[in-house]
Structure formats: structure tokens, C-alpha cells
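Only a predicted model underlies this, so the values are computations on that prediction, with no experimental measurement involved. Both ligands and their constituent atoms are indexed starting at 1 by order of listing.
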Amino acid sequence: MTASHHSPSHPAADCPVLCVTLNPALDLSIGLDSLTLGTVNRARSHHLEAAGKGINVARVLATLGHPVTLSGFLGADNQADFTVAFADWGLVDAFERVAGATRINVKLGEASGRVTDVNGTGMRVDEDALARLEARIDDWIDCQQAEGNLPRCAVVIAGSLPPGISHAQLAALVSRVRERHVACWLDTSGAALEAGLAVPPTAVKPNEQELALWAGEPLDSDAARERALRRLIDHGIEQALISAGPEGVLWASPGAAMLRARPPRMQVVSTVCAGDTLLAAMLHGVLCQPDASPEDRKRILRHATALSAEAVTHPGPGNPRATTLKTLQQHTSIETLASADVETAGEPRQ
Ligand SMILES: O=P(O)(O)OC[C@H]1O[C@](O)(CO)[C@@H](O)[C@@H]1O
């Protein structure tokens with residue numbers, strides 16, 4: 001194998017990303033021995049951090065070396081909790097400010113690794129704020145075009161919709177990006193995902209439950225999952241991912257073999273940011289290696305799956321600089337589904 005097989009065609013520094021979080025949150029992570037409903041529970045630890053799907057994705061991408069801009073809607077009343085973190089994480093803040101305080105999402109994590117999420121609704125966003133956000137997205141794309149960064153850049157739209165933003169308006173944001181021939185990676189759920197999928201976006205990463213609604217059948221077997229992925233590809237999606245927790249990740253793209261990655265068994269501390277980490281690392285791989293060979297594709301998926309496994313060992317998104325990442329990659333197996341060709345890096349075949 002030549003060295004060029006390993007080196008990405010574009011350094012991450014040349015692949016800027018705009019991460020749009022329409023409904024960000026402060027994540028209040030509370031550690032408990034175990035949670036008992038209807039009684040007074042005593043916390044072992046607590047931690048408050050700027051979060052929301054697009055922000056978590058942005059943190060991982062920035063650590064991987066991408067220039068990252070954030071946008072979406074941020075409450076003016078508690079913005080300092082976010083702006084201090086953005087500066088620390090090296091993220092450019094292009095959030096639209098709206099009246100009120102950004103929601104707090106509570107994550108109750110038990111010693112067993114089980115997490116109970118209580119997510120807030122979010123601030124109401126009006127038409128004017130949406131129009132200002134659209135202008136910010138247009139400006140970012142204009143700037144990438146002027147700097148010659150197309151098509152090596154992408155827009156991520158991730159998370160739930162705040163009150164006041166409809167599914168149709170989300171779909172219009174996806175179209176707006178696609179009309180400019182910029183990649184749009186969409187990560188949302190329920191009716192918003194269905195509306196966004198109709199456009200279609202460039203890439204999606206639903207879990208099995210989220211995609212089941214669109215697929216119209218439960219995705220509880222490999223055959224059903226593969227059918228759903230093929231339908232996404234036929235529908236015009238270029239990167240279709242299904243994340244199935246410890247069962248691993250499935251990845252399909254037009255004209256490429258469908259792959260499945262299985263992470264090693266992990267001691268889980270918090271699964272909260274595993275999906276955001278997976279999306280970020282996959283986007284990193286695809287942006288930096290647009291002409292990936294079959295072997296490159298396996299490496300991209302292995303890295304993203306291992307990083308998302310790393311993410312479950314602590315609260316917050318995965319750390320691309322973690323010293324454990326190399327071993328996690330060695331213990332992540334990659335299977336080519338079409339030809340049932342199973343291969344595990346670093347471990348002899350049985
Ligand atoms: O926008 P949603 O769907 O409520 O999800 C927000 C939650 O998802 C996460 O980004 C994890 O994926 C949390 O940080 C956040 O609390």
C-alpha cells in the first residue's frame with residue numbers, strides 16, 4: 001500500500017464547516033448512583049456545559065482541524081455560558097440572538113451507564129429571526145465561494161426545532177444550502193427528519209427508531225436496515241448512516257459497498273454525545289477524502305466508530321486526541337455487507 005492511500009486529499013484546515021443548531025441547550029449532567037422516581041435523589045456530581053447537536057458536532061470537527069462556524073438561535077439572557085465555551089473551543093460564533101434564555105437539558109446518568117434525558121422545549125423563534133439566520137447561512141456560503149472552498153465545505157443542521165420553526169421551514173433551510181451546491185448533513189428526528197429527507201439533504205445519520213418512521217417498518221433486522229439504506233440512496237442521499245448503539249454503524253453511498261462497523265464492548269459512562277461524535281468524524285472523513293477508495297472508506301468508518309465509542313467513556317463529545325483511540329480503532333471490526341467479507345484490524349482472523 002502506498003503512502004498516498006493514508007493521506008487525505010484535503011487537509012481539514014481547507015474544509016470549513018458551518019454547524020447550525022436551531023435549538024441549542026445547556027446540558028446539565030447529573031451523576032447518580034441510581035435514579036428512583038418519586039423520591040429525593042442525591043447527586044454524586046453535576047456539570048453544566050454548552051451543548052446541542054450542532055455545537056457538539058462543531059467541537060469534534062474543530063479538534064480534528066476544521067475551521068468551524070456556529071449558527072442557529074441563542075437566547076440573549078444566558079449567552080455568556082456559551083460564548084466563553086465557544087472561544088475556548090475555537091469556534092466562530094455566528095448565532096442569531098433571540099429574546100429569552102436558551103433551554104437547559106437535564107441528563108441523569110446512573111452508575112450503570114443508563115442515562116435519562118429531560119430536554120427542554122426551547123425559546124420561541126419568530127419569522128424575523130429566521131430571515132436573519134437565512135442571511136447568515138447565505139453569507140457563509142458566499143464567503144466560502146469567494147475563498148474558493150466549494151465543494152470542500154459543508155453545512156450541518158442538527159437537533160430539534162424550537163417553537164416557531166416548522167418542519168417546512170427546516171426543509172427550506174436544507175434546500176437553500178443544496179441549491180448553492182453545498183453539502184448539507186441533516187441530523188434530526190420525527191416529522192422534522194421526514195420533511196428534511198424529502199429535499200433531500202446530502203447525508204443523514206438517524207438511529208433505527210428515527211428512521212423506522214420514514215421507512216414504514218421496524219428496522220429490527222439486518223435485512224430491514226439494508227433495505228432502508230438502499231431506499232435512502234435511491235432517494236438521492238449521498239451518505240446514508242444508521243447508528244445502532246452497541247450494534248454498530250451501517251454506511252451506504254451510491255456506487256460503493258455497504259459497510260458495517262462494530263465498536264468494541266465499552267464501559268459506558270454517558271451515551272449522550274456518541275451520535276454527534278459519529279456524525280462529525282464521518283463528515284471529516286468524507287470532506288477530506290471525497291474520492292475515497294474502498295480501503296479509505298473502511299478507515300473512515302473505523303475511525304468514526306472508534307471515536308464515537310470513546311465518547312461514551314465520559315460526558316461530552318469524543319476526543320480525537322484521546323490516547324485510547326488507536327486501540328479502540330484496532331478493536332473496531334468492519335464488515336462489507338454485500339460480499340460478507342469480514343475484516344478486523346489488529347486482530348488475526350479466526
Ligand atoms: O435538540 P434535541 O433533539 O432536544 O437534542 C439536544 C440534545 O442532544 C445532544 O446534543 C446530544 O446529541 C445533547 O447535548 C442535547 O441536550
Residue and atom name of the nearest protein heavy atom (relative to atom 11 (C) of ligand 1), distance in Å to one decimal: Val272 O, 3.1 Å

Closest approach of any protein heavy atom to atom 8 (O) of ligand 1, naming residue and atom: Lys53 NZ, 2.9 Å

Of the listed options Val118, Asp27, Leu161, Leu279, closest to atom 13 (C) of ligand 1 (non-hydrogen atoms): Asp27

Nearest neighbour of atom 1 (O) of ligand 1 from the list Ala51, Ser29, Ser160, on a heavy-atom basis: Ser160

Test: Arg297 cationic atom under 6.0 Å from Trp251 six-membered ring centre, within 45° of axis: yes

Donor + acceptor pair across side chains of [X], [Y] (<3.5 Å):
X: Arg152; Y: Gln144; value: no
X: Thr327; Y: Gln330; value: no
X: Gln239; Y: Ser253; value: yes

Using a strict cut-off of 4.0 Å, indicate which atoms of ligand 1 neighbour a heavy atom of [X].
X: Asn105; value: 6 (C), 7 (C), 15 (C), 16 (O)
X: Asp276; value: 9 (C), 10 (O), 11 (C), 12 (O)
X: Asn56; value: 9 (C), 10 (O), 11 (C), 13 (C), 14 (O)
X: Gly159; value: 1 (O)

Proximity flag Arg103 to ligand 1, non-hydrogen atoms under 4.0 Å: yes

Contact with ligand 1 for Gly52, non-hydrogen, under 4.0 angstrom: yes

Aromatic ring proximity, centroids under 6.0 angstrom, Phe95 and Phe82: no

Candidate list Leu259, Leu337, Leu241, test side chain to side chain contact (heavy atoms under 4.5 Å, CB included), partner Leu250, passing option: Leu337

Verdict with supporting geometry, Thr332 and Arg262, side chain to side chain contact (heavy atoms under 4.5 Å, CB included): CA-CA 6 Å; Thr332 297; Arg262 284 185 200 272; over 6 Å; no

